[in-house]
Protein chains: 2
Amino acid sequence: MSTLRGTAPAGVPDTVVPAESHSKADRAYQALIEGIQQGRFAPGSRLVLAQLAEELGMSVVPVREAIRRLQHDDLVSYERNVGATVVGVDPEEYRYTMETLALVEGFSTAQCAPLVTAGELERARVINARMRALLDDFDPVEFTALNKEFHSTLFEHHQNPHILDLVHRGWNRLTALRSSTFAHVPGRAPQSVAEHDQLLDLIAAGAPFQDIETAARQHRANTLAAYMDTMAPADQH
Amino acid sequence: MSTLRGTAPAGVPDTVVPAESHSKADRAYQALIEGIQQGRFAPGSRLVLAQLAEELGMSVVPVREAIRRLQHDDLVSYERNVGATVVGVDPEEYRYTMETLALVEGFSTAQCAPLVTAGELERARVINARMRALLDDFDPVEFTALNKEFHSTLFEHHQNPHILDLVHRGWNRLTALRSSTFAHVPGRAPQSVAEHDQLLDLIAAGAPFQDIETAARQHRANTLAAYMDTMAPADQH
DNA sequence: TCACCACAGATCGTATACGATTTCGCGCGG
DNA sequence: CCGCGCGAAATCGTATACGATCTGTGGTGA
């Protein structure tokens, strides 16, 4: 991540990309990742180089590179001499992703906590309030966006760019998985908002590293558990 | 990682690569990663596509792909229209790597712990004994190799391939950094071996998740701290 | 009827070619 | 003597072309 040009950091959609990333490969990557996250490419569907190249108005070479990046991000699966397919939402894969995210996000949150300013805390509370307001008439996409924004606020003073990159990759993967099948786990949202507040309280109180890490990690783990509970009965008929 | 072909998973050198990975890009990647880890490419030196292509007896296209993979692994830094340079041993970068490794390796160790068999524990003890035997007439390369083998043994029953992949990437990066400048932190090796034994004791005793995670994480953190202590005075003259 | 082989279509992997961008040194003017 | 702009060399980015490999289909023989 630290080795990437500042303009297009690992495809993080938060930062506005300067319109023309001045590299066809970058544009292809952006286009594909958006397409996947918006569900325009169904999971399991094949990504054919020549076809995509024509759609994007470029040669296959940049497309190829973009696809290999997506492979690194675990957003597509690739087989030599066969091609790439959009990764599905195997519940097991979801577990891997959430677990990894819980790990890195938890650590990162704890590491950033002492450096979070009062202003940032306040901003996070405002965002969380907007999330709470959204609970009634629920919009998963908007909610997810706010969720990203919330956690981003706490990462303002990131200490370790490697870990921050892992967090971003986890988010990307998550949106890709989420948008493609399940809208959301019912009833999880309110608790999520509540946990956000608890987390902010911990940070405000200057709680020890481990407490914050555990709380942040548990926050993700709870979502995962809720998903598993919802899915498991339906899965093993 | 799970999306990679089984034969060449993210350049992990543990698994024997079937001689011909039957992909020039793969061969180039292997060759470059070895070259970097063995210090054949000095840190900071440029990796010129055409030049490497000729050395490896292939066109620039596979080389280019290999370099982008290395970029993803944070082994080279890349600048558009300029080229790739082997990543240096910036102490800060070392910190990032070790910190990340402490995080993912700690978690992975704790997660695998309950599944480690008695046989594997015994094997780990044997490996650690060999490391202890090596303490007298010290060989950093051999020691590092055994260290990898030791931790690999504990990962036999990995639960989360994503995290396992992160561990492997950390190891790769670490060998690359280590081989290029500092042989080792003096005096750290004996303590490292001792900590290994403590870790094995915890696992054997069926200690709770968090205890094992903390111990494994601390194991890396201690190495990092030792390095920082050694480096800091020498660095700021 | 079923298994197997051969062939054709589709798709990828790599080589080569050329335009685009950057870097560096040289000469000019102050 | 030093700063500045210009031009050539080096290097990368992308397009196009072709050979290699896989997949599916149809036909043949048991």
Side-chain angles (χ1 to χ4, degrees), chain A residues 3-11 17-32 35 41-42 44-72 75-87, chain B residues 3-11 17-32 35 41-42 44-72 75-87:
Chain A
T3 67
L4 288 172
R5 300 168 29 250
T7 56
V17 175
E20 18 81 8
S21 290
H22 269 171
S23 164
K24 301 209 174 181
D26 287 349
R27 284 204 326 248
Y29 179 74
Q30 285 292 130
L32 287 178
F41 299 106
S45 67
R46 296 193 51 184
L47 296 177
V48 180
L49 293 184
Q51 176 186 319
L52 294 172
E54 189 168 10
E55 278 179 32
L56 297 170
M58 61 182 72
S59 139
V60 298
V61 182
V63 178
R64 181 188 169 84
E65 182 173 319
I67 287 193
R68 301 224 83 126
R69 282 198 225 170
L70 291 173
Q71 179 192 1
H72 278 307
L75 287 177
V76 307
S77 122
Y78 196 85
E79 204 174 347
R80 176 176 158 84
N81 278 320
V82 175
T85 60
V86 179
V87 85
Chain B
T3 67
L4 288 173
R5 300 168 31 252
T7 56
V17 176
E20 20 81 6
S21 291
H22 266 321
S23 164
K24 302 209 173 182
D26 287 350
R27 286 205 324 249
Y29 179 73
Q30 285 292 131
L32 287 179
F41 299 106
S45 67
R46 294 192 53 182
L47 297 177
V48 180
L49 292 184
Q51 175 187 320
L52 294 171
E54 189 168 11
E55 278 180 32
L56 296 170
M58 62 182 70
S59 139
V60 298
V61 182
V63 178
R64 181 188 168 84
E65 182 173 319
I67 286 193
R68 299 226 84 124
R69 282 199 226 170
L70 292 174
Q71 177 193 1
H72 180 80
L75 287 177
V76 307
S77 118
Y78 196 86
E79 204 174 346
R80 177 178 159 83
N81 277 320
V82 174
T85 61
V86 179
V87 85

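In what follows, every heavy atom counts, from backbone to side chain, and hydrogens, waters and symmetry copies are set aside. Residue numbering restarts at 1 for every chain, and letters A, B, ... go by the order of the sequence lines.
- Rounded to an integer number of Å, the gap from H22(A) NE2 to dT22(C) C1' is 14 Å.
- Listed pair S59(A) / dA15(D) meets the phosphate criterion, a side-chain N or O lying under 4.0 Å from OP1 or OP2.
- The two atoms that bring A28(A) and A66(A) nearest to each other are CB-CB, 3.7 Å, heavy atoms only.
- R46(A) CZ to S77(A) OG: the interatomic distance, rounded to the nearest 0.5 Å, is 10.5 Å.
- Among the atoms of the strands shown, only primed sugar atoms or phosphate atoms (P, OP1, OP2) are found under 4.0 Å from some heavy atom of L47(A).
- Between the CD atom of Q51(B) and the P atom of dA9(D) there is a distance of 19 Å, rounded to whole Å.
- Atom-to-atom, CZ of R64(A) to P of dT14(C) comes out at 6 Å; the value is rounded to the nearest Å.
- Side-chain N/O atoms of Y78(B) include one lying less than 4.0 angstrom from OP1 or OP2 on dG13(D).
- If you measure from atom CD of E65(A) to atom C1' of dC12(C), you get 16 Å, rounded to the nearest angstrom.
- Between dT14(D), dT16(D), dG13(C), one nucleotide has an atom nearer to the side chain of K24(A) than all others, and that is dT14(D).
- Judged by closest nucleotide on DNA chain C, G57(B) is the one of G57(B) and R46(B) placed further toward the 5' end.
- dG13(C) atom P lies 14 Å from atom CE of M58(B), rounded to whole Å.
- For the pair L49(A) CG and dT14(C) C1', the computed distance is 13 Å after rounding to whole Å.
- For the pair V76(A) and A84(A), the tightest heavy-atom approach, listed with the atom from each and the gap, is CG2-CB, 4.3 Å.
- Within the nucleic acid shown, V48(A) comes within 4.0 Å of sugar-phosphate atoms alone, with no base atom in reach, counting heavy atoms only.
- Here dT14(D) presents its P atom at 8 Å from CG of N81(B), a figure rounded to the nearest Å.
- We find that CD of Q71(B) is positioned 14 Å from C1' of dC12(D), with the value rounded to whole Å.
- Separating the OG1 atom in T85(A) from the OH atom in Y78(A) is a distance of 11.0 Å, to the nearest 0.5 Å.
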Next on the checklist: Between E65(B) and K24(B), does the side chain to side chain contact (heavy atoms under 4.5 Å, CB included) criterion hold? Intermediate values first, please.
Outcome noted: CA-CA 10 Å; E65(B) 182 173 319; K24(B) 302 209 173 182; over 6 Å; no
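- Across all strands shown, V82(B) has heavy atoms under 4.0 Å from sugar-phosphate atoms exclusively, and none from any base.
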